[in-house]
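To start, the structure under review is shown below, and the notes come after it.
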Amino acid sequence: MAKTRGSSYERSMELASRPLRNNPNAYSRERVGSFSEHSLHSAYTSNAGFRDGSSWDSCMTRVPYATLIATIICVIGVGIFCVSINRGLSLSFLLFDEVFNLRLLWLEHVKIFFVIMAASMAAMGVMILFVGCLATGATRHKVYRAWRARVGGRISCAIFMVITYIMFFVWIFLKVVLSIVVVIYSTFWQLCSSTRVSEEQQCIDLRQFDFSFPERVRHQDLMICEANKKKLFCKDYVEKAEVMFIFATFAVFLIVLSLVHYLMCLSANYAHIRDQEKFQELQELQYLADPDGLTSSKDRF
């Protein structure tokens, strides 16, 4: 009996003398890291679920809310932009074709280019959201544990930041162009709604705006006097195209706003991935200071 007690005592002393990392009964770095984040390791899953709450709470801590909001804004802006710019350019093509007797075939290519650019913007937003998911909460601790993984994560964030900066200036330029188009169409609509045109039935004189028309437009076509052409110009095309381009400008504003959000989120994700090793050390210190687990990190980017 004394020999059994002695052997048990010696085994306990041997386990106690082992380092923390090699002791299976003590909390290693991985287990301490899993204490503040949910279910990183299979051995700790049941305890983490019991201490930290339900699996729903675990999923909610992995959602990059800021990046998700930016993606929703981006998708809404892209959807409005595709519909409005497609309709606005189609009305502009018909306007020049039926009123000014000029076929601008390049407008069809511009329309296709804008739709492709908007779709690419939506795809980039989804990819940035995926990067944000990998860099958020417990998922970050699981994915970016190795040094190479952290380097890859930082490079991906840096690449998306550069692309986002470039797209930001591209969409700002497009917003300026659309604002000019809106001003031109608003001026045309003011001419249509003026008293001398709507009541006195005078001609719509666009000769003072000849600088805004292609050079192939004939000078006499800038005088719209026929009732049928007045209706086509004012009611059928200018009024509707103005509304479409206003919606397109608003959509571009939403896309620019989402790009600003993306830049902030990518910067935060870059910092989180870079400091991942420091976070693990802080979690170990957190457990030593708070062994009951009353506090936990709440990363949201």
Side-chain angles (χ1 to χ4, degrees), residues 66-67 69-96 100 102-129 131-132 156-190 206 209-217 237-270:
T67 310
I69 293 173
T71 305
I72 293 174
I73 296 175
C74 178
V75 171
I76 292 175
V78 166
I80 298 175
F81 178 79
C82 288
V83 174
S84 57
I85 200 67
N86 181 70
R87 181 60 177 165
L89 290 177
S90 298
L91 291 171
S92 299
F93 177 82
L94 295 174
L95 172 66
F96 280 97
F100 301 109
L102 180 65
R103 294 181 65 85
L104 300 178
L105 298 177
W106 55 269
L107 283 179
E108 292 294 329
H109 301 287
V110 172
K111 180 170 60 176
I112 295 174
F113 171 76
F114 281 155
V115 171
I116 293 175
M117 186 176 69
S120 301
M121 183 65 218
M124 189 185 76
V126 174
M127 287 187 288
I128 295 177
L129 178 61
V131 172
S156 63
C157 288
I159 291 175
F160 277 114
M161 286 177 67
V162 173
I163 297 175
T164 303
Y165 266 116
I166 296 174
M167 296 301 295
F168 175 79
F169 290 109
V170 169
W171 285 99
I172 284 290
F173 174 77
L174 182 58
K175 186 177 185 300
V176 173
V177 173
L178 287 176
S179 299
I180 295 174
V181 174
V182 169
V183 170
I184 293 175
Y185 273 98
S186 299
T187 304
F188 290 167
W189 177 246
Q190 290 298 322
L206 300 177
F209 303 108
D210 59 349
F211 62 89
S212 62
F213 289 89
E215 295 180 357
R216 291 179 295 170
V217 176
Y237 298 136
V238 170
E239 182 181 8
K240 297 177 181 178
E242 179 190 9
V243 175
M244 291 296 103
F245 283 115
I246 289 175
F247 275 113
T249 305
F250 174 71
V252 172
F253 169 76
L254 291 180
I255 294 174
V256 171
L257 182 63
S258 69
L259 288 172
V260 175
H261 282 211
Y262 281 138
L263 286 174
M264 293 187 292
C265 295
L266 287 171
S267 301
N269 291 336
Y270 182 91

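Note that these values count all heavy atoms, side chains included, but never hydrogens, waters or copies made by symmetry.
- Of the possible polar contacts, none joining the Asn86 side chain to the Cys82 backbone as a donor-acceptor pair under 3.5 Å is found.
- Remark: Ser84 OG to Leu178 CG distance equals 8.0 Å, nearest 0.5 Å.
- Of all heavy-atom pairs between Leu266 and Cys157, the closest is O-CB, 4.3 Å.
- To the nearest 0.5 Å, atoms CG (Leu206) and OG1 (Thr187) are separated by 10.5 Å.
- Cys74 SG to Met124 CE: the interatomic distance, rounded to the nearest 0.5 Å, is 7.0 Å.
- For Glu108, the side-chain hydrogen bond (donor to acceptor under 3.5 Å, both in side chains) partners two or more places apart in sequence, or in a different chain, are Lys111.
- In this structure, CZ on Phe113 lies 12.0 Å from CG on Leu89, to the nearest 0.5 angstrom.
- Side-chain contact between Phe247 and Val182 is absent, with no heavy-atom pair separated by less than 4.5 Å.
- Within the 4.5 Å cutoff, side-chain heavy atoms of Leu259 are placed close to those of Met121.
- Between Val78 and Ala119 the shortest heavy-atom distance is CG1-N, 4.5 Å.
- Residues Val238 and Tyr185 come closest through the heavy atom pair CG1-O, 3.7 Å.
- Every ring pair (Phe, Tyr, Trp, His ring centres under 6.0 Å) that Phe100 has, sequence neighbours left out, goes to Phe96, Phe213.
- In this model, no donor atom of one side chain and acceptor atom of the other lie less than 3.5 Å apart for Ser92 and Tyr237.
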Could you give the side-chain donor-acceptor pairs of residues 161-177 under 3.5 Å, partners two or more places apart or in another chain?
unit_1 : atom_1 : unit_2 : atom_2 : d
Thr164 : OG1    : Phe160 : O      : 2.5

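- Remark: Phe114 CZ is packed, more than 12 non-hydrogen atoms of other residues, nucleotides or ligands lying under 6.0 Å away.
- For the atom pair CD1 of Ile73 and CD1 of Ile255, the computed distance is 11.5 Å after rounding to the nearest 0.5 Å.
- Taking each heavy atom of Gly125 and Thr71 in turn, the nearest pair found is O-OG1, 3.6 Å.
- Taking OG of Ser258 as the start and CD1 of Ile69 as the end, the distance is 12.5 Å to the nearest 0.5 Å.
- Nearest heavy-atom pair, Leu254 versus Ile76, reported as atom, atom and distance to 0.1 Å: CD1-CG2, 4.2 Å.
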